[in-house]
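Have a look at the structure below before the remarks.
Every value quoted in this text rests on a predicted model; they were computed, and no experiment measured them.
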Amino acid sequence: MSGTAATLPPQPPKRAGLWPGSLAGRTALVLLLALTVIQAAGLTIHALDRVDLQRFSQGREISARAISAWRTVILAPPQRRAQMLAQLELPVGLTATLDDAPLARPELPSIPATMAGMLRLDLVGQGPPRFRPREIITSWSPRGPTFLVSLRLPSGEWLNLNIQLPPPRPWHSETFLIAFAAMTLAGGLLIWWAVRRLTLPVRALAAAAERLGRDVNAPPLPENGPSEVATAAHAFNTMAERIRRFVGDRTQMLAAIGHDLRTPITRLRLRAEFMEDDEQRRKMLSDLEEMEAMVAATLAFARDDSATEPNVALDLAALCRTVLDEAADAHLDLAEAIAYEGPERLVVQARPVAMKRAIANLVGNALAYGGAARIALAAPGTHGQPLRILVEDDGPGIPDEELETVFQPFRRLETSRNRETGGTGLGLPIARNIIRAHGGDVVLRNRPAGGLAAVVTLPA
């Protein structure tokens with residue numbers, strides 16, 4: 001892929017708290033929360049119905065036992081009433097005593113009509129006249145709540161019924177929480193499986209876009225699946241084909257321009273050889289050499305031949321040492337300022353010629369402007385940390401606002417365009433294009449102790 005068409009490497013999405021970063025994770029979380037809310041709402045409705053059923057059942061049982069207690073007392077001989085009342089088996093929440101005075105107070109609120117209807121207290125007064133209470137007093141206290149019913153016997157005694165409804169138990173089942181957790185887990189697994197299947201085309205599209213960013217000749221996406229997915233894949237393939245055609249046309253145009261420029265440069269070089277003035281001949285040949293170097297660098301930058309080079313197993317540590325050795329041979333005066341630090345061997349999958357060119361450009365830039373070149377190679381970490389190559393120099397550094405602009409093609413902080421003090425302004429852009437084509441990136445940082453550091457990161 002050409003230099004200007006290179007794209008930034010994909011950056012991992014930033015998470016906001018516990019919010020997942022992937023589309024599948026977010027969709028699954030939303031559906032799981034919705035499932036949980038729906039389950040909770042359904043179980044709450046079921047619990048409320050269960051409470052009503054329990055209240056109804058409790059009321060019916062207490063009503064039946066209360067009427068039974070009244071009939072036992074009214075039919076028993078007066079001297080045995082207390083004994084027979086004590087022998088009755090009463091449900092939880094109901095106590096019956098035989099007293100000389102009523103416990104229910106007329107001045108207190110009467111039992112609400114709904115509770116009275118549930119307890120069926122009206123049945124007590126519907127028997128034969130001799131079995132009916134002479135007086136009925138009801139009252140209740142909101143605390144508890146406690147309901148009091150006092151029934152006066154013909155003898156003047158009072159049967160006092162103390163009714164305390166036990167608290168409802170909507171979650172009576174001991175396996176309720178286990179069942180709820182099992183249903184939620186099963187629903188969550190099904191949701192996760194379905195979401196992963198549905199978002200698979202999105203992940204395939206993202207992977208294809210990443211491959212296209214690294215290699216413009218990446219294979220096209222298969223145009224199958226649902227209609228929306230097939231339409232998106234067709235649009236992506238059309239876009240990729242247009243990019244390939246644009247890059248190819250531009251490369252072909254630049255190659256033609258370079259070929260046409262080399263012919264007049266060659267003619268000028270031949271004519272310069274016949275000049276009698278040695279000084280002028282030397283200057284003209286130097287200018288022509290510089291022009292030819294600029295044309296060659298421009299064509300190399302535009303073509304990006306590294307994109308067609310295959311990935312192979314490469315010992316990056318040996319490659320870094322080789323680049324430094326060649327730099328030391330070319331700059332004997334700076335040999336003492338050239339050093340390597342890192343593992344003896346580090347094998348990665350990379351394009352050997354392209355990677356060597358990228359590292360050589362960074363080392364050459366460090367020697368030209370910083371008077372030193374030290375490479376520190378760090379292997380990938382165990383927690384997903386990328387591979388790092390650090391190229392440091394001892395120069396004056398670069399203003400912070402220029403740290404990114406120097407990666408623009410033909411951008412040079414030294415504006416004299418003198419080959420003795422600066423190159424064509426393509427070394428750093430070419431190095432970044434190569435590193436990004438490998439899925440990594442390179443940035444510049446000013447060192448606190450002075451000098452500049454080029455930080456290269458490559459995926460593990």
CG (Leu377) and SG (Cys320) are apart, to the nearest 0.5 Å, by 5.5 Å
Between Gln408 and Thr405, does any side-chain donor sit less than 3.5 Å from a side-chain acceptor? no
So salt bridge (Lys or Arg N to Asp or Glu O under 4.0 Å) across residues 443-459, not counting sequence neighbours, yields Glu392-Arg447, Asp394-Arg447
State whether Glu404 and Arg432 are salt-bridged, where the test is any N-O pair (Lys NZ or Arg NE/NH1/NH2 against Asp/Glu carboxylate O) under 4.0 Å. yes
Side-chain donor/acceptor pairs under 3.5 Å, residues 177-198, sequence neighbours excluded:
| unit_1 | atom_1 | unit_2 | atom_2 | d |
| --- | --- | --- | --- | --- |
| Thr184 | OG1 | Gln39 | OE1 | 2.9 |
| Thr184 | OG1 | Phe180 | O | 2.8 |

Can you pull the side-chain hydrogen bond (donor to acceptor under 3.5 Å, both in side chains) pairs that have at least one residue in residues 316-342, sequence neighbours excluded? Glu326-Lys356
Roughly how far, to the nearest 0.5 Å, is the CG atom of Leu33 from the CD1 atom of Ile38? 11.0 Å
Does the pair Leu458 and Arg388 meet the rule for a side-chain contact (heavy atoms from CB on, under 4.5 Å), with working shown? CA-CA 6 Å; Leu458 291 170; Arg388 289 167 57 94; over 6 Å; no
What distance separates Ile243 CD1 from Thr238 OG1, expressed to the nearest 0.5 Å? 11.0 Å
By side chain to side chain donor-acceptor pair (under 3.5 Å) - contacts of Arg105 (at least two apart): none
With sequence neighbours excluded, tell me which residues meet side chain to side chain donor-acceptor pair (under 3.5 Å) with Arg203. Thr199
Taking all non-hydrogen atoms of both residues, which atom of Leu314 and which atom of Pro352 are closest, and how far apart? CD2-CA, 4.1 Å
Member of Leu161, Asn162, Thr138 meeting the side-chain contact (heavy atoms from CB on, under 4.5 Å) criterion with Leu148: Asn162
Rounded to the nearest 0.5 Å, the NE2 atom of His438 sits from the CG atom of Asn433 at a distance of 12.0 Å
Could you give me the CA-CA distance, side-chain angles and deciding distance for Val442 and Val455, then say whether side-chain contact (heavy atoms from CB on, under 4.5 Å) is met? CA-CA 5 Å; Val442 55; Val455 183; over 6 Å; no
Return the set of residues passing side chain to side chain donor-acceptor pair (under 3.5 Å) with Gln280 (not counting sequence neighbours), or none when no residue passes. none
Taking every non-hydrogen atom, the tightest pair across Ala360 and Val323: CA-CG1, 3.7 Å
All heavy atoms of Ala317 vs all of Glu344, minimum pair found to be CB-O, 3.6 Å
Could you check whether any side-chain N or O of Arg374 sits under 3.5 Å from a backbone N or O of Ala339, counting only pairs where one atom can act as donor and the other as acceptor? no
Not counting sequence neighbours, which residues clear side chain to side chain donor-acceptor pair (under 3.5 Å) with Thr27? List them please. none
Got Thr95 and Gln164 here, is their nearest side-chain heavy-atom distance under 4.5 Å? no
State which residues pass side chain to side chain contact (heavy atoms under 4.5 Å, CB included) with Leu268; sequence neighbours excluded, sorted by chain then number. Leu288
Under 3.5 Å donor-acceptor, Asn446 side chain and Ile398 backbone: yes
Got a sec, which residues hit salt bridge (Lys or Arg N to Asp or Glu O under 4.0 Å) with Asp278, two or more places apart in sequence or on another chain? Arg281
In terms of heavy-atom contacts, Leu221 and Ala204 come closest through CD2-O, 3.9 Å
If you measure from CG on Leu390 to OG1 on Thr457, what distance do you get to the nearest 0.5 Å? 11.5 Å
For Leu316 versus Met355, what's the shortest heavy-atom pair and its separation? CD1-CG, 3.9 Å
Could you list the donor-acceptor pairs under 3.5 angstrom formed between side-chain atoms of residues 228-235 and any protein atom two or more places apart in sequence or on another chain?
| unit_1 | atom_1 | unit_2 | atom_2 | d |
| --- | --- | --- | --- | --- |
| Thr231 | OG1 | Ser227 | O | 2.8 |
| His234 | ND1 | Glu223 | OE1 | 3.3 |
| His234 | ND1 | Glu223 | OE2 | 3.4 |

All heavy atoms of Pro459 vs all of Gly440, minimum pair found to be CD-N, 3.9 Å
Trace of the side-chain contact (heavy atoms from CB on, under 4.5 Å) decision for Val391 with Val456: CA-CA 8 Å; Val391 182; Val456 177; 5.5 Å; no
Criterion side-chain contact (heavy atoms from CB on, under 4.5 Å) on Leu403 and Val443, from CA distance to verdict: CA-CA 8 Å; Leu403 289 175; Val443 296; over 6 Å; no
What's the spacing between Arg436 CZ and Phe407 CZ if we round to 0.5 Å? 8.0 Å
Check: Leu452 main-chain N/O paired with Asp393 side-chain donor or acceptor under 3.5 Å: yes
Under the side chain to side chain contact (heavy atoms under 4.5 Å, CB included) test, residues paired with Ala431 that sit two or more places apart: Ala358, Asn361, Leu362
For Arg345, all residues meeting salt bridge (Lys or Arg N to Asp or Glu O under 4.0 Å), sequence neighbours excluded: Asp315
